[in-house]
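Everything on this sheet refers to the single structure shown next.
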Amino acid sequence: MKITKAAVNTTSPGRNFVTLKVETDEGIYGLGDGTLNGRELAVASYLTEHVIPCIVGRDPFETEDIWQYLYRGAYWRRGPVTMSAIAAVDVALWDIKGKALGTPVYNLLGGKSRDGVLVYGHANGKDTETALEDVARHVEQGFKAVRVQSGIPGIKTTYGIAKGAGRYEPAERGLPSEAEWSTEHYLRHAPKLFEKVRERFGEELHLLHDCHHRLTPIEAARLGKELESFHLFWMEDPTTAELQEGFKVIREHTTTPIAVGEVFSSVWDAHDLIRNQWIDYLRMTIVHGGGFTALKKAADFAAMYHVRTGFHGATDLSPVTMAAALHFDTAIHNFGIQELMPHNEETDAVFPHQYYFKDGMMYPGDGPGLGVDLDEKLAAKYEYQRAYLPVNRKLDGTLTDW
Ligand code: KDG
Ligand code: MG
């Protein structure tokens, strides 16, 4: 089998997506996601200008060699743009393999290790009470695990909270908006929020929380300690992770489990975190981490240190990545949990898919390949629109991590 053609599709059914379609001489095609929120066209151009010309004529079954060719062959390694482009190719090729062999991708990754994939949904509200109401809605929908974020008294805007009646969506069209931050206000508020959630919903519901990289290690240690009695499933991105040793400080002070990695693009970003057992869950997912070929190795390495996966699954990861993640989650042994932030109806229509949600779990479907498609005619109706994630400032105006 030979790759005959590959092309990038950009579409914006409510938010931007970059999809690679790889075609073969046997009429089988595969899809890969290359979406990098707020920097989409960098990946699109990397693929079109630098990657596609090198893969035409290659055998799509040679995923390992093609991965190494794109990674080592570029000389310039790692980084989210490069790794998302490599992931788009890798995932498309695994999709082709599955279709050619007439089997779901999870069978190529080791077969089913579980019946379903535990997912967590996002509950949020402008204050504690509205956040609690949203937790109740998630419980009614069948979720067994819920991430809880709420507005913080004394700060006008905060991460993870829907602005109007609709769902929360991090990227916004136009230039970056500015959000406000105060660690002092947040640290006073967050433990009270979780006290209320446990009081109302009891012990059984899995609770998660995203600090979104805003604390220093010692501040995160304080939060982790104060949250201990509420038994969180995890505290996510407690601090920025360029300095991996920062997590040692957190770890030494608290038993609250730690998840990190949605902005990572290589196992090397997590090497010290994993081998020193400073984290419990790795969030680097298929699209930003270089595809199945790279993630399988990262997950196997993590397994040796009791680290499980907890893949990023926000709306900026397209249905192609959601499908890919669900096949991966189904197959690997050290799966922990999968994030689910449902896409809007327009996106679901552009990317028809087999995966589905039932009783707090998700299932990838049993058709060949990834079980997700791209309706190119419909996609063409939604032109790419420049969009950015917000930037964040402390109350005195200092730019800080969003
Ligand atoms: O593109 C950035 C979003 O995906 C991110 O802000 C969402 O932190 C996030 C999460 O945990 O889903
Ligand atoms: Mg996050």
Side-chain angles (χ1 to χ4, degrees), residues 12 14-18 33-43 80-81 83-84 87 119-124 134 138 143 145-150 157-163 167-173 176-179 181 186 190 206-215 220 223 232-241 247 257-265 269-270 273 279-289 309-322 325 336-344 347 362 386-392 400-402:
S12 195
R15 65 156 352 284
N16 294 321
F17 294 108
V18 173
D33 178 22
T35 310
L36 183 61
N37 210 2
R39 296 292 186 272
E40 295 88 357
L41 297 187
V43 184
V81 175
M83 298 310 282
S84 301
V119 292
Y120 70 92
H122 283 203
N124 67 80
D134 205 21
H138 280 80
F143 279 96
V146 182
R147 183 185 100 158
V148 191
Q149 310 287 136
S150 92
T157 51
T158 191
Y159 163 76
I161 313 303
K163 279 200 172 138
R167 291 178 183 152
Y168 170 68
E169 170 58 56
E172 287 167 9
R173 287 174 175 165
S177 64
E178 299 219 348
W181 181 246
Y186 169 69
H206 294 304
L207 298 178
L208 301 89
H209 181 65
D210 193 348
C211 307
H212 222 260
H213 329 265
R214 288 158 187 224
L215 305 174
L223 179 64
L232 262 57
F233 190 97
W234 77 35
M235 171 169 82
E236 175 182 337
D237 288 340
T239 193
T240 51
F247 283 73
I258 299 168
V260 71
E262 66 184 43
V263 301
F264 293 175
S265 49
D269 293 330
L273 294 171
I279 60 167
D280 302 281
Y281 297 94
L282 182 64
R283 285 181 50 70
M284 178 173 73
T285 189
I286 314 270
V287 53
H288 302 135
T309 62
F311 284 171
H312 189 198
T315 40
D316 42 301
L317 297 117
S318 94
V320 177
T321 288
M322 179 50 89
I337 200 166
Q338 169 68 48
E339 180 178 14
L340 165 64
M341 217 179 143
H343 291 109
N344 63 16
T347 301
M362 281 185 82
R386 181 177 292 135
Y388 288 95
L389 291 167
V391 297
N392 206 13
T400 187
D401 299 288
W402 176 73

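Note that ligands are numbered from 1 as they come in the structure, with each ligand's atoms numbered from 1 the same way.
Summarising the geometry, atom CG belonging to Asn16 is positioned 11.5 Å from atom CG belonging to Leu36; distances are rounded to the nearest 0.5 Å.
Contact annotation for Trp402 and ligand 1: only side-chain heavy atoms (C-beta onward) come within less than 4.0 Å of the ligand. Residue-level proximity to ligand 1 for Met341 is absent, since no heavy atom of it falls below 4.0 angstrom. Contacts with ligand 1 closer than 4.0 Å are made by no heavy atom of Thr315, backbone or side chain.
The distance between the ring centers of Trp402 and Tyr388 does not fall below 6.0 angstrom.
When side chains are defined from C-beta on, Val43 does not count as touching Thr35, because their heavy atoms never get closer than 4.5 Å. For the pair Pro390/Tyr159, no side-chain contact is recorded, criterion being any heavy-atom separation below 4.5 Å from C-beta on. The shortest side-chain heavy-atom distance between Val287 and Thr285 falls under the 4.5 Å cut-off. Between Ile161 and Tyr168, the closest side-chain pair of non-hydrogen atoms is not below 4.5 Å.
The nearest heavy-atom contact from the protein to atom 12 (O) of ligand 1 is Glu339 OE2, 2.4 Å. Scanning all protein heavy atoms for the shortest distance to atom 9 (C) of ligand 1 gives Tyr159 OH, 2.9 Å. In this structure, the protein non-hydrogen atom closest to atom 3 (C) of ligand 1 is Asp316 OD1, 3.6 Å. The single protein non-hydrogen atom nearest to atom 5 (C) of ligand 1 is Glu262 OE2, 3.4 Å, given as residue, atom name and distance. Among all non-hydrogen protein atoms, the one lying nearest atom 6 (O) of ligand 1 is His212 NE2, 2.8 Å.
Looking only at atom types and distance, the side chain of Asn37 has a donor-acceptor partner in the side chain of Arg15 under 3.5 Å away. Counted by atom type alone, Gln149 and Thr158 present zero donor-acceptor pairs between their side chains at under 3.5 Å. For Glu262 and His288, the side-chain atoms include no donor-acceptor pair closer than 3.5 Å.
Here is the list of ligand 1 atoms found below 4.0 Å of a heavy atom in Asn37: 1 (O), 2 (C). Shown in contact with Asp210 at under 4.0 Å from a heavy atom are these atoms of ligand 1, numbered in order with element: 8 (O), 9 (C), 10 (C), 11 (O). Shown in contact with Arg147 at under 4.0 Å from a heavy atom are these atoms of ligand 1, numbered in order with element: 10 (C), 11 (O), 12 (O). Shown in contact with Ala314 at under 4.0 Å from a heavy atom are these atoms of ligand 1, numbered in order with element: 4 (O), 7 (C), 12 (O).
Other residues, nucleotides and ligands contribute at most 12 non-hydrogen atoms within 6.0 Å of the CZ atom of Arg386.
Every N/O-N/O distance between Tyr120 and ligand 1 stays at or above 3.5 Å.
Across every non-hydrogen atom of Pro238 and Ala220, the tightest pair is CB-CB, 3.6 Å.
Around the Mg ion (ligand 2), the protein N, O or S atoms closer than 2.8 Å are Asp210 OD2, Glu236 OE2, Glu262 OE1, listed by chain and residue number.
Remark: Phe17 pairs with His343, Phe351 by the ring pair (Phe, Tyr, Trp, His ring centres under 6.0 Å) rule, at least two apart or across chains.
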